**Student:** 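What follows is a single structure, and I will ask about it in a moment.
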Amino acid sequence: MIRLLDSTPTIRLGGMTGMSGAEGVTEQVIELRLPSRLGYERIAMDTAASLARRMGFADERIDALRTAIGEAVTNAIEHGNQADEAMKVVVLLTVRPNELVISVSDQGRKALEVEQTKLRPHIADVFQRADKGGWGIWLMRELMDEVEFTLAPGGGNLVRMVVHLERMPISDQ
Amino acid sequence: MIRLLDSTPTIRLGGMTGMSGAEGVTEQVIELRLPSRLGYERIAMDTAASLARRMGFADERIDALRTAIGEAVTNAIEHGNQADEAMKVVVLLTVRPNELVISVSDQGRKALEVEQTKLRPHIADVFQRADKGGWGIWLMRELMDEVEFTLAPGGGNLVRMVVHLERMPISDQ
Amino acid sequence: MLEDELNVNIRHRDGVAVIDLIGDVTTFAEEKINGAYRQVTAQGHRYILLNFRQNDYINSAGIAILIGIVTEVNQNGQKLAVSGLSPHFQKIFRMVGLAQYAEIYQTEEEALSAFRRLSGVE
Amino acid sequence: MLEDELNVNIRHRDGVAVIDLIGDVTTFAEEKINGAYRQVTAQGHRYILLNFRQNDYINSAGIAILIGIVTEVNQNGQKLAVSGLSPHFQKIFRMVGLAQYAEIYQTEEEALSAFRRLSGVE
Ligand SMILES: Nc1ncnc2c1ncn2[C@@H]1O[C@H](COP(=O)(O)OP(=O)(O)O)[C@@H](O)[C@H]1O
Ligand SMILES: Nc1ncnc2c1ncn2[C@@H]1O[C@H](COP(=O)(O)OP(=O)(O)O)[C@@H](O)[C@H]1O
């Protein structure tokens with residue numbers, strides 16, 4: 001796997017020894033900490049897009065990633081951190097040979113209920129409601145390969161999303 | 001100053017209360033932690049460029065910033081952290097009403113000598129040398145408004161660079 | 001950069017009210033979009049085109065604003081179309097179901113000729 | 001994306017060896033650039049054009065490689081020109097002093113016609 005990363009021209013970025021596990025799985029982690037102010041989600045979107053581009057993701061996957069990470073960070077700012085600018089949103093971008101893992105965590109001023117993570121809004125119903133929102137989490141689920149909600153180590157809300165690189169792995173084992 | 005930030009359409013990003021000092025100076029800090037592997041400086045360049053663009057910097061200032069931060073992070077990776085991928089390069093981007101402050105720190109596996117921070121290479125001399133390098137720090141100094149070398153809190157090397165936003169400050173004091 | 005703000009511009013072409021959305025369609029855009037819609041509605045327009053600019057940022061808060069517009073368009077018996085969306089946002093509009101209530105066209109011209117056919121038939 | 005790698009391509013136009021540098025000019029580019037230079041030198045070329053692609057990434061390690069090329073160009077009595085640099089890198093080439101040893105042209109065509117005038121005079 002190390003060889004795959006290093007011989008692939010698209011991944012000048014790939015990990016070598018970074019956080020090697022027992023199985024020789026390699027990954028590299030980028031951490032981004034943002035103030036809880038709307039607008040800063042754009043920085044997370046651009047950083048993730050820059051990374052995904054260099055990993056070799058197709059443009060449409062990058063667009064999907066931009067939208068998903070934008071929604072996750074916006075929720076962390078608005079809901080999880082209640083737009084208290086002193087609170088940080090932490091974005092971890094983990095580069096693996098065949099996937100990019102994105103985790104977005106907040107400081108949990110407001111807890112995310114499990115039911116809220118499973119909503120599938122229908123536009124015809126939404127017309128009847130005063131609040132036309134509620135599309136963010138559903139969009140993340142639709143656009144990413146894996147989406148999972150857990151508690152962050154510090155007690156906040158954490159969304160973990162995975163996008164797979166659609167490239168055939170050439171295993172050297 | 002708060003008013004300036006909030007009334008300026010180009011700074012949807014500007015700080016409000018983030019790290020307010022006694023004088024009411026406001027700033028917002030973005031932190032980026034990168035693995036010490038060449039190539040990852042591109043992520044720092046793209047993140048800083050994304051931020052600078054939203055702050056309203058002119059394209060040529062953004063190009064200068066990209067080059068300067070790229071050199072600083074490359075040095076931190078190659079020299080300060082000796083390309084040990086487990087070591088982190090920490091980039092702090094501080095958004096102020098009229099400037100962007102960039103600090104890049106490494107874990108100091110190799111100390112940066114004061115004389116090295118003051119070199120002004122001349123190409124005619126460089127032709128005679130086997131090593132044609134040594135342009136990085138000089139480029140940072142040429143391209144940024146302020147450049148300063150100190151020790152990082154953790155003992156590593158720290159470069160602090162400032163770029164001024166060329167927009168007339170409208171003080172409300 | 002001004003791209004971070006939404007600028008709204010209203011034009012009238014062939015009996016269609018064209019609302020250009022230049023910039024990002026997020027929560028900050030709400031007043032401007034609703035204001036533009038109310039203005040063309042007060043002018044009695046039945047055909048409305050929301051003309052986006054490729055590659056601008058639209059998020060779920062922006063989608064909620066657009067669903068609000070569709071709600072009123074339906075109540076007021078108007079016809080809404082959209083143009084200028086990137087393929088990514090065309091896909092998202094389809095996923096959300098907005099495409100059932102507002103025809104999606106690549107360009108303003110395509111949307112206008114579709115409105116012409118429609119007004120000829122009606 | 002392949003843009004992260006440097007691709008080098010050698011063409012011959014009007015007696016000039018044109019070396020296209022497609023991609024990033026950083027420490028990883030050293031072998032390819034030096035290899036291309038040695039190849040055209042072995043072929044006896046006197047006029048060499050390094051043709052960059054606007055907006056690619058060039059860093060100080062790339063500049064060091066180019067200074068290495070200039071050193072050899074001077075020793076071998078060749079003439080070097082560059083084209084395709086963005087305004088930002090034109091500025092940096094001037095700051096570094098590279099512009100004194102390699103004429104900077106906006107486009108390949110401008111560089112080639114300058115070489116034509118030069119070879120006519122010599
Ligand atoms: N990070 C979070 N912390 C706390 N609550 C959250 C978080 N993310 C989402 N929620 C809750 O889940 C709901 C649904 O989120 P979402 O689908 O993104 O739609 P919207 O943000 O438009 O309401 C939110 O209204 C909020 O109550
Ligand atoms: N972050 C750093 N940590 C330790 N040493 C450094 C650091 N940055 C620069 N240096 C030293 O300063 C010298 C000059 O740096 P620079 O001007 O960037 O040129 P180059 O990296 O091409 O040698 C380097 O060769 C290195 O010895």
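Side-chain atoms are counted along with the backbone in the values below, which use heavy atoms only and exclude waters and symmetry mates. Lettering of chains follows the sequences in order, A, B, ..., and the numbering in each one begins at 1. Fair warning: this is a prediction, and the values are worked out from it, not measured in the lab.
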**Student:** Rounded to the nearest 0.5 Å, how far does OG1 of Thr67(B) lie from OH of Tyr57(D)?
**Tutor:** 8.0 Å

**Student:** Test Lys132(B) against every option in Val70(D), Ile69(D), Ile65(D), Thr71(D) by the side-chain contact (heavy atoms from CB on, under 4.5 Å) rule and name the one that passes.
**Tutor:** Thr71(D)

**Student:** I'd like to know whether CD of Glu109(D) has more than 12 heavy-atom contacts from other residues, nucleotides or ligands below 6.0 angstrom.
**Tutor:** yes

**Student:** Can you tell me which portion of Ile63(D) sits under 4.5 Å from chain B's heavy atoms? Options are side chain, backbone, both or neither.
**Tutor:** side chain

**Student:** Walk me through whether Ile92(D) and Glu142(B) qualify under side-chain contact (heavy atoms from CB on, under 4.5 Å).
**Tutor:** CA-CA 10 Å; Ile92(D) 286 186; Glu142(B) 292 287 312; over 6 Å; no

**Student:** More than 12 foreign heavy atoms under 6.0 Å from CD of Glu60(B): is that the case here?
**Tutor:** no

**Student:** Nearest 0.5 Å please: distance from the CH2 atom of Trp135(B) over to the CG atom of Leu98(D).
**Tutor:** 7.5 Å

**Student:** Could you please state which residues from residues 107-118 of chain B sit under 4.5 angstrom from chain D, measuring non-hydrogen atom to non-hydrogen atom, sorted by number, or 'none'?
**Tutor:** none

**Student:** Indicate every side-chain donor-acceptor pair of residues 120-129 of chain B with a distance under 3.5 Å to a residue at least two apart or in another chain.
**Tutor:**
residue, atom, partner, partner atom, Å
Arg129(B), NE, Asp131(B), O, 3.3
Arg129(B), NH2, Gly133(B), O, 3.2

**Student:** Any chance you could measure Leu143(B), atom CG, to Lys91(D), atom NZ, to the nearest 0.5 Å?
**Tutor:** 5.5 Å

**Student:** Can you name the nearest heavy-atom pair linking Glu71(B) to Asn59(D), along with the distance?
**Tutor:** OE2-CB, 3.3 Å

**Student:** Go through Gln75(D), Met95(D), Glu72(D) and name the one with the most non-hydrogen pairs under 4.5 angstrom from chain B.
**Tutor:** Met95(D)

**Student:** Side chain, backbone, both or neither: which part of Ser86(D) has a non-hydrogen atom closer than 4.5 Å to chain B?
**Tutor:** neither

